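Structure first, commentary second.
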Amino acid sequence: MSTNSNRHTLNGVNATEHSVGADLPRTIATLDEAETYRVLLTATHWATLDHAYGSAAEAPKRLAELLAQDQTVRTKALDYLHYTLHHQNTLYEATVPAALCVAAMLPNPRTTRTVDKGHNSFPGCMRAELLLWIASVADAVTDEADVLSRRHGFPLDDYPPAISIRRIRPQLYSAAVAYVDDTDRPTAEAAITACIHLLDDPRLLHHRTALVPAIRQTLGTSEQWQHRERAIDALDTWGEDSTGLEGQQNPFLFCDSDTPTDSATGTVDTNEGYSEPPPF
């Protein structure tokens, strides 16, 4: 599969009957906030999709704001991804086309801009944050997630948003893998994390071997213990050698999620009067 970030197969994906369709141009990778909003407004029937607080009619505006010039606006848009479209790691109908839009945005040079950080946030620019969000979405449909869901009587095969996210994993992988060797270390680590979760897909298993060096050399030597733990877990699960890698050295540290969700304000404005404290 090509790692060219300009060749994402995002058009014509039938993730849901309302998902991003053929009129989402590949040129979204070069559009500014206003242009992106106009594209997303007509890309899918957002008002008919749900998220944590009801209709996702406001989604085009909020997604386009990920590319805003104002850092506060960008940060609030990132909060919207975490706390509204993927609240408490839940998948909603609107999560699916949003994931395709986020994947399409990754090559946009505006994603190298900064975002506000909270005390538990990982380092990195907006692109790294978007990759970590894709990682979180993908983590919700891994084999391990399916086992846990079945244990509680809710198999992922019975949940349409999970089915749809699984269906678009090759597209998300194609978008993320372009950054596993990125010169920006947080971006590379985020991309590897996303790819690890996406490579549970049976159609993508053959890509695991090629990712192993990056897992060992980049993720496994990260300053973030969460990334090092993820590297060890992935290598062990895949039957690869994790010798020499060190995970969390202090067992009494608070076990933060490996996908940070407390950027800046810790609140979410959905443009419909909702606000939400961090889900922890």
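Computed from heavy atoms alone, side chains included, the values below leave out hydrogens, waters and symmetry copies. Position 1 is the first residue of the sequence; numbering continues from there. Predicted model, so just to flag it, every value in this text is computed and none were measured.
Between F122 and H227, the closest side-chain pair of non-hydrogen atoms falls below 4.5 Å. Residues R185 and T221 meet the side-chain proximity criterion, which asks for heavy atoms closer than 4.5 Å. L106 has its side chain within reach of L130: a pair of non-hydrogen atoms, C-beta onward, lies under 4.5 Å apart. For the pair Y173/D201, no side-chain contact is recorded, criterion being any heavy-atom separation below 4.5 Å from C-beta on. The side-chain heavy atoms of Y37 and D32, taken from C-beta on, include no pair separated by under 4.5 Å.
Under the salt bridge (charged side-chain N to carboxylate O under 4.0 Å, His left out) criterion, R216 pairs with no residue at all, not counting sequence neighbours. Residues that satisfy the side-chain contact (heavy atoms from CB on, under 4.5 Å) test with P123, not counting sequence neighbours, are P186, Q224. Qualifying side-chain hydrogen bond (donor to acceptor under 3.5 Å, both in side chains) partners for R74, counting only residues two or more places apart in sequence or in other chains: none. Residues meeting the side-chain contact (heavy atoms from CB on, under 4.5 Å) test with D236, sequence neighbours left out: I232, S242. For the side-chain contact (heavy atoms from CB on, under 4.5 Å) test, residues two or more places apart in sequence or in another chain that qualify with D158 are P155. In this view, T237 satisfies the side-chain hydrogen bond (donor to acceptor under 3.5 Å, both in side chains) rule with no residue, not counting sequence neighbours. Evaluation of the side-chain hydrogen bond (donor to acceptor under 3.5 Å, both in side chains) rule for Q71 yields T114, D116 as partners, not counting sequence neighbours. Scored by the salt bridge (charged side-chain N to carboxylate O under 4.0 Å, His left out) test, D182 finds no partners at all (sequence neighbours excluded). For D233, the side-chain contact (heavy atoms from CB on, under 4.5 Å) test picks out no residue, with sequence neighbours left out. For T218, there are no side-chain hydrogen bond (donor to acceptor under 3.5 Å, both in side chains) partners at least two apart in sequence or on another chain.
Across all their heavy atoms, V180 and A188 have their closest contact at O-CB, 3.6 Å. Smallest separation of non-hydrogen atoms from V141 and I165: CG2-CG2, 3.8 Å. Nearest heavy-atom pair across W238 and I196 is CZ2-O, 4.1 Å. Contact between P170 and R203 at its shortest, heavy atoms only, is CD-NH2, 3.3 Å. Counting all heavy atoms, side chain and backbone alike, A194 lies closest to A176 at CB-CB, 4.1 Å. For the residue pair P213 and T209, the shortest heavy atom distance occurs at CD-O, 3.6 Å.
When atom types are taken as modelled, the side chain of T95 and the backbone of L85 share a donor-acceptor pair closer than 3.5 angstrom. Between the S121 side chain and the G118 main chain, a donor and an acceptor come within less than 3.5 Å of each other. Remark: side-chain polar atoms of R127 are not paired, donor with acceptor, to backbone N or O of T187 under 3.5 angstrom. The backbone N or O of H87 lies less than 3.5 Å from a partner atom in the side chain of T90, making a donor-acceptor pair. The backbone N or O of L67 lies less than 3.5 Å from no partner atom in the side chain of N108, so there is not a single donor-acceptor pair. Between the R113 side chain and the A68 main chain, a donor and an acceptor come within less than 3.5 Å of each other. No side-chain donor-acceptor contact under 3.5 Å links D139 to the backbone of H197. No donor-acceptor pair closer than 3.5 Å links the side chain of E33 to the backbone N or O of A64. Although no hydrogens or angles enter the test, the distance criterion places a donor-acceptor pair under 3.5 Å between the side chain of H51 and the main chain of S55. For the pair T42 (side chain) and V39 (backbone), a donor-acceptor distance under 3.5 Å is present.
More than 12 heavy atoms of other residues, nucleotides or ligands sit less than 6.0 Å from atom CD of E35.
Criterion: ILVMFWY side-chain heavy atoms under 4.5 Å apart, direct or through other members. Under it, V73 and V115 are not part of a common hydrophobic cluster.
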Solution key, residues 146-153 side-chain donor-acceptor pairs under 3.5 Å, sequence neighbours excluded:
from, atom 1, to, atom 2, distance (Å)
D146, OD1, R150, NE, 3.4
D146, OD1, L156, N, 3.3
D146, OD2, R150, NE, 3.1
S149, OG, A145, O, 3.0
R150, NH2, D157, OD2, 3.1
H152, ND1, L148, O, 2.9

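Separating the OH atom in Y179 from the OG1 atom in T111 is a distance of 6.0 Å, to the nearest 0.5 Å. Of the inter-residue distances, the one linking L78 atom CG with W133 atom CH2 reads 10.0 Å to the nearest 0.5 angstrom. One finds the CG atom of L81 at 9.0 Å from the OG1 atom of T84 (value rounded to the nearest 0.5 Å). Summarising the geometry, atom OG1 belonging to T36 is positioned 5.5 Å from atom CE belonging to M105; distances are rounded to the nearest 0.5 Å. For the atom pair L198 CG and L211 CG, the distance stands at 10.5 Å (nearest 0.5 Å). Here OG of S136 is found 8.5 Å from CG of L91. Values are rounded to the nearest 0.5 Å.
We find that E129 and K117 are joined by a salt bridge, their nearest charged nitrogen and carboxylate oxygen being less than 4.0 Å apart.
Residue pairs meeting the salt bridge (charged side-chain N to carboxylate O under 4.0 Å, His left out) criterion with at least one partner in residues 205-214, sequence neighbours excluded, are D200-R208.
Y80 and E65 form no side-chain donor-acceptor contact under 3.5 Å, judged by distance and modelled atom types alone. For R110 and T30, the side-chain atoms include no donor-acceptor pair closer than 3.5 Å.
Here Y92 and H86 keep their ring centres 6.0 angstrom or further from each other.
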Working for side-chain contact (heavy atoms from CB on, under 4.5 Å), residues L219 and T193:
CA-CA 8 Å; L219 206 64; T193 300; 3.7 Å; yes
